[in-house]
Number of protein chains: 2
Amino acid sequence: MTLSTTLNALADPTRRKIIQLLKKKDLPAGEIAKNFTMTLPSLSHHLNILKMANLVSSRRAGQNIIYSLNLSVVDEIIGELYGIIGKGVKKNK
Amino acid sequence: MTLSTTLNALADPTRRKIIQLLKKKDLPAGEIAKNFTMTLPSLSHHLNILKMANLVSSRRAGQNIIYSLNLSVVDEIIGELYGIIGKGVKKNK
DNA sequence: TAGATATTTAGGTAACTATCTAAATATTAA
DNA sequence: TTAATATTTAGATAGTTACCTAAATATCTA
């Protein structure tokens, strides 16, 4: 999981909306899909990208696959991002 | 400048490296290019993406075009990001 | 085990992105 | 005003991504 992978995962509004939904509670793929107009396979693609970035996890529960947000990873990323783009100290004006 | 635009700009290692360089001091395009193996036009493309995202600014100084980091915008983004992916409060385990 | 339900995987396509070379533009110096 | 320098813009191409439909897989229920 490189930072590029993570930021790329976050650089899409659909995927950020999925994160918002999962912030409230864990949800099965089908429930997530109800919040979007795209097809379930398309959504599955986005969920997979979030999973590759380690931003979400999934577990099977009967016929459902439940997605949940990886909160600790989310915090880690903010820290990394801050290290990279924040705290700039310029030597010229 | 949407958040998607900004995150997309940051989701590329070349562009993050440019930001690192500009954190130390403002630099003309040619100086930035010396840190990479790609051609100047390719670099110019990346600089333009950073500019579109409002992460950097440019000004002309004679024959040079000097790039500089927009520090305040950088801080703003971290805040936005934190609002979006941070502070998760889940209702189920 | 057969059928229904939930989700993913496969395969195709259109749109987007990164890169290159060549040409254009802006500025400075002779 | 011509030549040199710095950088961008234009145009082409290869690779990637997002979306769709159809098919495959896994689980549950009758």
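Residue numbers begin at 1 in each chain, while the letters A, B, ... track the order of the sequences.
Listed nucleotides: D:dA18, D:dT8, C:dT7. Nearest to the side chain of B:Pro41: D:dT8. In this structure, the nucleotide among D:dC19, C:dA18, D:dA18 sitting nearest to the side chain of A:Ser42 is D:dC19.
Distance A:Leu43 CG to D:dC20 C1': 14 Å, rounded to the nearest Å. Atom CG of B:Asn48 and atom P of C:dA18 are 11 Å apart (whole Å). Summarising the geometry, the separation between CG on A:Asp12 and C1' on C:dC16 is reported as 13 Å, rounded to the nearest angstrom. The nearest whole Å value for the distance from the CD1 atom in B:Ile49 to the P atom in C:dT17 is 7 Å. Between A:Leu47 atom CG and C:dT8 atom P the separation is 6 Å, expressed in whole Å. Atom pair B:Met38:CE and D:dT7:P shows a separation of 16 Å (rounding to whole Å applied). Distance, A:His46 NE2 to C:dT9 C1': 16 Å, rounded to whole Å. Remark: P of C:dA15 and CG of B:Asn8 are 19 Å apart, rounded to the nearest angstrom.
Phosphate proximity of C:dT5 to A:Asn64: absent, as no side-chain N or O sits under 4.0 Å from OP1 or OP2. For D:dT7, neither phosphate oxygen OP1 nor OP2 lies less than 4.0 angstrom from any side-chain nitrogen or oxygen of B:Ser44. Within the 4.0 Å cut-off from OP1 or OP2 of C:dA6, not a single side-chain nitrogen or oxygen of A:Arg60 is found. Remark: B:Tyr67 is not in phosphate contact with D:dA6, judged by side-chain N or O atoms under 4.0 Å from OP1 or OP2.
Taking the side chain as every heavy atom from C-beta outward, A:Lys17 and A:Phe36 approach each other to under 4.5 Å. Counting heavy atoms from C-beta outward, A:Ile32 and A:Leu22 have side chains that approach closer than 4.5 Å. A:Ile19 has its side chain within reach of A:Leu69: a pair of non-hydrogen atoms, C-beta onward, lies under 4.5 Å apart. Counting heavy atoms from C-beta outward, B:Arg15 and B:Leu55 have side chains that stay 4.5 Å or more apart.
A donor-acceptor distance shorter than 3.5 angstrom exists from the side chain of A:Arg60 to the backbone of A:Gly62, with no hydrogens or angles considered.
Nucleotides of DNA chain D nearest to A:Gly62 and B:Leu40 differ in position, and the one nearer the 5' end is that of B:Leu40.
The base of C:dT5 sits within donor-acceptor range of the side chain of A:Gln63, with an N or O pair under 3.5 Å.
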